Amino acid sequence: MLGAREIEAWLRESDPARLAELFAEADRVRAANVGDAVHVRGLVELSNHCVRACLYCGIRRGIASLARYRIQPDEVIECARFAREQGYGTLVMQAGEDPALSVSWLVDVIERIKAETGLAVTLSLGERPLHELRALRAAGADRYLLRFETSDRELFSRIHPMPEEGATHRLALLPLLRELGYEAGSGVMVGIPGQSYASLAADIALFGELELHMIGLGPYIPQPGTPLADRAEEFALPEGEQVPNDTETGFKALALARLVRPEANIPATTAFATLDPAAGRRLGLERGANVVMPNLTPERYRRLYAIYPDKAASREDARASAATLTRQLTELGRPQGSGAGNCASYVAP
Ligand code: SAH
């Protein structure tokens, strides 16, 4: 198993020939462990209301210029039907931390998706109390995504001001999610101001130790109007220590995630496609990823889920992006996955 030292050395590697070897090895390990199929998860962004004030995020509370929305249940079901029609196996529901998306609201929606489409359901709703996570699981939710963002406690607390309710505990929630029977996913942003090479290497080693079923990562993209974008120089480390937030470093992290966790489902995330609209998704799929998450959020809400600028998906509607995806997979010679696309190492408790 790759240790944190070796991981750090790879993250610092700049020789194109050596990097080509890393990417080829990640591609080989991907093919050997999860095959060539690319699983498609349709993404619906339920709400951009948020009680948190994460320094990097464009939907943090208190951004007065941002109009807030909450989707209607019927609109979610519509997205689920579209996903089913396109042969996508999973619907991912993501949102800001919005208490008004109550458990009963969510339970009703999950039960309707299950009854009407049979899709696998992934939740990405931030931190929720244990009893709520249990109820959502009982309603039929299959997976939960909760990025720990950084395992460096000091950096974590600097960029995540605590809400009144108390301490945040993203890392502590991951084993609980597994115990509840969820497939558990986590991940990080690459190149957050203040993130050192050593700390990112520790994050990646941790993906292996946590035996994550899903790993989501992508470059940090500054969103003007957020403290981390507007005052980046206060947070950044000296050159040589600070991880860059470019796609190449992101791809190194992606490839290394595949090497430490061969059987995980790993998406080519939207952040890569945003920074490199022409090739971001394809390169992700060629450097360790086996999942894509096209955005199905109704167009009138798209631009309001503004966690970072110019999200790739906000330019194309669901039907156009389905066609683009089909073409890209054909060009790559990778079949679209069928079925739910569970992680092979998942065991129901
Ligand atoms: N409220 C949910 C969903 C957050 S958005 C939660 O807290 O889990 C999903 C992910 O987008 C976050 O986990 C974070 O890693 C990423 N993200 C947020 N702001 C970003 C930015 N400016 N650049 C890149 N990724 C960002």
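The residues of the chain are indexed from 1 along the displayed sequence. Counting convention: from 1, in listed order, for ligands and their atoms alike. All values below were derived from every heavy atom in this structure, side-chain atoms included, with hydrogens, water molecules and symmetry-related copies excluded. None of these values were measured; they are calculated from a predicted model.
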Checking Leu256, Val188, Ile215, Leu259 against Ile204 for side-chain contact (heavy atoms from CB on, under 4.5 Å), the one that qualifies is Leu256
Tyr220 and Tyr308: aromatic ring centres closer than 6.0 Å?
no
Could you check whether the rings of Tyr346 and His213 sit parallel, tilted or perpendicular, using 30° and 60° as the cut-offs?
perpendicular
For ligand 1, which of its N or O atoms have a protein N or O partner closer than 3.5 Å, and how long is each gap?
residue: ligand 1; atom: 1 (N); partner: Ala95; partner atom: O; Å: 2.8
residue: ligand 1; atom: 7 (O); partner: Arg170; partner atom: NH2; Å: 2.5
residue: ligand 1; atom: 8 (O); partner: Arg170; partner atom: NH2; Å: 3.4
residue: ligand 1; atom: 13 (O); partner: Glu149; partner atom: OE2; Å: 2.6
residue: ligand 1; atom: 15 (O); partner: Arg147; partner atom: NH1; Å: 2.9
residue: ligand 1; atom: 15 (O); partner: Glu149; partner atom: OE1; Å: 2.7
residue: ligand 1; atom: 15 (O); partner: Glu149; partner atom: OE2; Å: 3.3
residue: ligand 1; atom: 22 (N); partner: Tyr56; partner atom: O; Å: 3.1
residue: ligand 1; atom: 22 (N); partner: Ile221; partner atom: O; Å: 2.8
residue: ligand 1; atom: 23 (N); partner: Ile221; partner atom: N; Å: 2.9
residue: ligand 1; atom: 23 (N); partner: Ile221; partner atom: O; Å: 3.4

Taking all heavy atoms of Ser47 and all of Leu101, pick out the closest pair and write down the distance.
CB-CD1, 4.0 Å
Expected output: side-chain Arg147 to main-chain Gly187 donor-acceptor under 3.5 Å
no
Give a yes-or-no answer on whether the side chains of Tyr144 and Glu183 include a donor-acceptor pair shorter than 3.5 Å.
no
